[in-house]
Amino acid sequence: MINLEERARQFETTVETRLVDGDGLLLSGVHIVTMQPFPSGFFDATKDYYRYPGARFDDFTDFLSYENVGMVTGAYLCAQLWRYRATKDPAAIEKAYRCFVALKHLFDRCQSIAEGFFCKCYGRKITDQLSSDQYLYALCGLDAFSHFAPPPVRQACAEIIGKMAAFWIRKDYTYPYFGHPLKWPLERFPVFAWLAYQHTGQQSFLTEFNRLCALPDVRVNLPFAVQDWAGILKTEKEREAVWDYEKRTGLRVLWVVPEVAESGLLSLEALLEYNAPHRDLWRQKAWSLYDLGRRWIGADGLALAPHAYDPRTGRLTEIRQVIHPGDRPEWKFDNHRGWLRSGMWSAMFARAAVGIAAYHPASDALKVAGHILLNLDHHKLRWFVDVDGQQLPLDMAWTGQVFSTDAVTHWLWAYWEGRAKYGADWVERHGPALSDVALRNE
């Protein structure tokens, strides 16, 4: 049997020695061979990478290093708090505190832009770029840490949470994404207002929470995901032309990224934890996120993509060929359709599964989470795994060499949370590994 505790120690050593920058923030992606940021100048005209007109960074390696800085630092903070619950090791609290200090330092630096602003600090610089998921993970990390912090630090957490939520309310949840105007999906934001109300007691946040909860989009939509097969098909059809593959086979091409279950759950979890109104709605949404994502987890523990959906039988089959190389010139690799798998997406789903199990204890969520943790080693904690070595063209080959800090921090979060809640042998007690068929088609 794989010693998961030893693997957890090894992964934590990787984080501590390779992925923490000089400010205590975590880098979000490095080269899997060198475990260093991709070298300056690596991304030249021969590489396919993000070229959105509004993107502002000196070198694309800065994007890889800091695109998910709020997510990975917040996730590691939460992982360390669960490690402390499981082991009572004071070193875990010390590392969590370091993450808090780093997040607060970045937040404080960002206040020169606007109150409540929290940026993606490409190249360790303050930028005008942000995203709602970076806020979300930082908010959840600060909320979790506040329960362990002395009063002055707890007050600092409350102030940051309140200012972050108020920023989005003032902006009416609208902020440009790389220079393009964007109204961010409203179903992501009730948790912002609810956390701010819990930590500050300000009635205005409760009023905003109630306003959001009355909106149809918030009540119907899953945060970060579509809800059903019909919705997925419609989205794919609207985004892209009908592919020759679909015409030839009568199947539909789907690619649902399981990581959305984790971001979606974090948009719901504090609502459940703090007994927000509409509990049954939040609980059902959590289940829908899990039920959607589990179909994209394979027997090797990796997330599978893409799939062919048979509308006659409802079955999913992994597509083992390149069917669509991508056609968006600004970010072609993000639209690539080949026989690829991902350790980042599955590790994030594992943590979602552990979190969802608390609200759906009769489900197989812990079994699926354990299945993923057992199968993900260092080599698999990547953006993409090119299964047969023929799916990624030369200009995209680098995407198979990105070690994902999202993956390693969520693996640690899932493992230590499961251990704190269910005991040291929680993975072994929830059954043997699962097959592709069991995961995708049950």
Would you say [Y] and [X] are linked by a side-chain donor-acceptor pair, where the criterion is simply a distance under 3.5 Å?
{"X": "Arg154", "Y": "Ser146", "result": "no"}
{"X": "Tyr175", "Y": "Asp128", "result": "no"}
{"X": "Tyr274", "Y": "Asp143", "result": "yes"}
{"X": "Asp172", "Y": "Thr174", "result": "no"}

Below 4.5 Å, heavy atoms only, C-beta onward: do [X] and [Y] meet side chain to side chain?
{"X": "Trp398", "Y": "Leu64", "result": "yes"}
{"X": "Val427", "Y": "Tyr422", "result": "no"}
{"X": "Leu186", "Y": "Asn221", "result": "no"}

Exercise for the section: Examine distances only and state if a side-chain atom of Asp23 and a backbone atom of Leu25 form a donor-acceptor pair shorter than 3.5 Å. Expected result: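 Not at all, since once roles are kept as given, no pair shorter than 3.5 Å links the two residues.
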List the steps, then state whether side chain to side chain contact (heavy atoms under 4.5 Å, CB included) holds for Lys120 with Tyr66. CA-CA 6 Å; Lys120 302 177 183 182; Tyr66 287 99; 5.6 Å; no
With sequence neighbours left out, what residues match [X] under salt bridge (charged side-chain N to carboxylate O under 4.0 Å, His left out)?
{"X": "Arg382", "value": "none"}
{"X": "Glu208", "value": "Arg211"}
{"X": "Glu5", "value": "Arg9, Arg419"}

Any residue meeting side-chain contact (heavy atoms from CB on, under 4.5 Å) with Lys88, in chain and number order, not counting sequence neighbours: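 For Lys88, the residues satisfying side-chain contact (heavy atoms from CB on, under 4.5 Å) (neighbours in sequence not counted) are Tyr84.
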Using the test side-chain contact (heavy atoms from CB on, under 4.5 Å), find all partners of Val15 that sit at least two apart in sequence or belong to another chain.
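Val15 satisfies side-chain contact (heavy atoms from CB on, under 4.5 Å) with Leu19, Val20, Leu26, Tyr76, Val408, Leu412 once adjacent residues are dropped.
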- Message: Going by the rule ring pair (Phe, Tyr, Trp, His ring centres under 6.0 Å), which residues pair with Phe145 if we only count those two or more places apart in sequence or in a different chain?
- Response: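 With sequence neighbours excluded, Phe145 shows a ring pair (Phe, Tyr, Trp, His ring centres under 6.0 Å) to Phe100, given in chain and number order.
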>> For the CH2 atom of Trp168 and the CE atom of Met164, what is their distance to the nearest 0.5 Å?
In response: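 Separation between the atoms: 11.0 Å.
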Begin with the C-alpha distance, continue with both residues' side-chain angles, and end with the deciding distance and a verdict on ring-ring contact (aromatic ring centres under 6.0 Å, His included) for Phe403 and His378. CA-CA 9 Å; Phe403 181 87; His378 176 94; 4.8 Å; yes
- Answer yes if the ring centres of Phe349 and Trp345 are under 6.0 angstrom apart, and no otherwise.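 Not under 6.0 Å, so no.
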| field | From Phe189, Phe192, Trp184, residue fulfilling ring-ring contact (aromatic ring centres under 6.0 Å, His included) relative to Tyr173 | value |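 With Tyr173 as partner, ring-ring contact (aromatic ring centres under 6.0 Å, His included) holds for just one option, Phe189.
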Q. With a distance cut-off below 6.0 Å to the six-membered ring centre and an angular limit of 45° from the axis, does Arg429 pair with Trp426 as a cation-pi contact?
A.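 No - Arg429 does not lie over the ring of Trp426 by the 6.0 Å and 45° rule.
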Margin query: Using 30° and 60° as the class boundaries, would you call the ring planes of Trp194 and Tyr197 parallel, tilted or perpendicular?
Written below: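 Answer is tilted, since the angle falls between 30° and 60°.
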